[in-house]
Amino acid sequence: MHLEYFRLIDRILEFDPVGRTIQAEAIVPTQSTIFEGHFPGHPLMPGVLLLETMAQTSGWMIIGLTGFTRMPFLAAFKEAKLRSFVTPGQSLIARAELLHEGSGFTVTKAEIKVEGKRVCNAEITFRVVAFPTPAFRASMQEVAAAIAFPMETLSHG
Amino acid sequence: MASTFDTVVNIITETCDIPRDTIKPESHAINDLGIDSLDFLDIAFAIDKTFGIKMPLEQWTQEVNEGKATTEQYFVLQNLCTRIDELVAAKRAA
């Protein structure tokens with residue numbers, strides 16, 4: 001996780017365009033200025049960043065399902081539950097599945113597990129639009145390469 | 001069996017904080033009921049799921065933006081219900 005850059009996914013572990021699911025890994029850094037405030041002497045991964053991690057995991061799935069032609073923008077969380085504390089150094093496995101692909105919007109269900117135990121989950125709605133600019137799309141493709149998004153799966157989708 | 005209108009009213013009342021008795025067939029979802037775009041996504045999700053269709057919201061929006069259609073054609077509830085019935089019929093015929 002690169003918290004200061006808001007890049008919360010380290011690696012895509014699996015993307016299934018047929019089953020419409022994705023799984024990603026994210027390791028909470030041991031050091032971050034965020035932990036100086038959240039909280040002094042008792043560092044905890046902020047819940048909003050766990051929500052964002054689930055959103056980014058879902059987002060990569062949506063980008064993959066559209067063949068990198070459309071960009072999801074977060075619109076709503078429903079039934080978001082933060083079930084356990086997450087601390088620096090922990091390894092997160094985030095998983096998302098597609099619930100509904102509407103016209104211009106997509107709904108996903110996502111969760112994060114630590115050592116097999118679910119620590120948070122939510123239903124997430126995204127507005128899905130064409131990439132605003134080619135440069136934006138190119139930058140997302142660069143990030144995709146950096147997090148090992150399996151581009152070879154797209155042609156089979 | 002509930003009519004399309006009754007089903008849509010149920011969805012709107014469950015999704016938005018709008019009293020049932022204010023929702024009429026001639027109500028405009030946006031102008032009269034004050035449903036914003038985010039709430040309309042929830043409503044669209046529920047309509048898609050309930051009727052097993054995919055409302056072409058992007059196409060409708062484009063038609064309105066290009067002046068080829070009015071918002072009344074899609075967002076006055078009795079018209080919306082007609083569109084839903086058409087989509088359901090088209091799906092059954094496919």
Side-chain angles (χ1 to χ4, degrees), chain A residues 17-22 48 51-52 54-59 61-81 96-111 121-134 136-137 140 157, chain B residues 4 7-8 10-18 29-30 33-66 68-71 73-75 77 79-91 94:
Chain A
V18 177
R20 306 201 289 187
T21 61
I22 195 168
V48 291
L51 299 183
E52 176 66 20
M54 291 191 287
Q56 290 190 11
T57 303
S58 298
M61 175 178 66
I62 295 166
I63 291 173
L65 290 173
T66 66
F68 279 73
T69 62
R70 291 164 74 84
M71 179 70 195
F73 290 96
L74 184 57
F77 281 103
K78 274 189 198 161
E79 298 290 328
K81 292 182 178 170
E97 65 181 71
L98 189 132
L99 277 188
H100 181 68
E101 192 171 30
S103 173
F105 71 98
T106 294
V107 184
T108 72
K109 192 166 85 171
E111 66 177 16
N121 61 285
E123 182 182 304
I124 312 173
T125 303
F126 298 83
R127 286 191 174 88
V128 181
V129 300
F131 276 101
T133 65
F136 190 165
R137 181 172 187 262
M140 293 305 289
Chain B
T4 301
T7 303
V8 169
N10 286 341
I11 287 170
I12 291 172
T13 56
E14 286 166 13
T15 306
C16 310
D17 190 19
I18 298 173
I30 301 161
L33 302 179
I35 296 170
D36 66 16
S37 63
L38 183 56
D39 282 337
F40 201 80
L41 287 189
D42 278 341
I43 291 168
F45 178 29
I47 288 174
D48 283 0
K49 269 199 314 184
T50 302
F51 292 96
I53 57 174
K54 180 172 174 176
M55 284 197 297
L57 298 178
E58 288 180 299
Q59 180 194 322
W60 293 353
T61 304
Q62 188 177 349
E63 288 173 9
V64 169
N65 289 342
E66 291 175 353
K68 294 176 181 170
T70 63
T71 60
Q73 285 175 251
Y74 298 124
F75 297 107
L77 295 190
N79 297 339
L80 178 65
C81 292
T82 301
R83 302 284 92 75
I84 291 169
D85 289 340
E86 290 169 353
L87 290 163
V88 171
K91 191 184 175 196

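All chains are named by letter (A, B, ...) in the order of the sequence lines, taking the proteins before the strands, and each is independently numbered beginning at 1.
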Smallest separation among heavy atoms of A/K78 and B/D42, with atom names: NZ-OD1, 2.8 Å
Contact check, side chains of B/K49 and A/L99, non-hydrogen atoms, under 4.5 Å: no
Minimum side-chain heavy-atom gap B/E58-A/F105 below 4.5 Å: no
Within 6.0 angstrom of A/E79 CD, more than 12 heavy atoms from elsewhere: no
From CD (A/E101) to CG (B/D48), nearest 0.5 Å: 11.0 Å
Region of B/S37 that comes under 4.5 Å of a non-hydrogen atom in chain A: both
Nearest-0.5 Å distance that lies between atom CG in B/L41 and atom OG in A/S103: 10.0 Å
B/D17, CG: over 12 other non-hydrogen atoms inside 6.0 angstrom: no
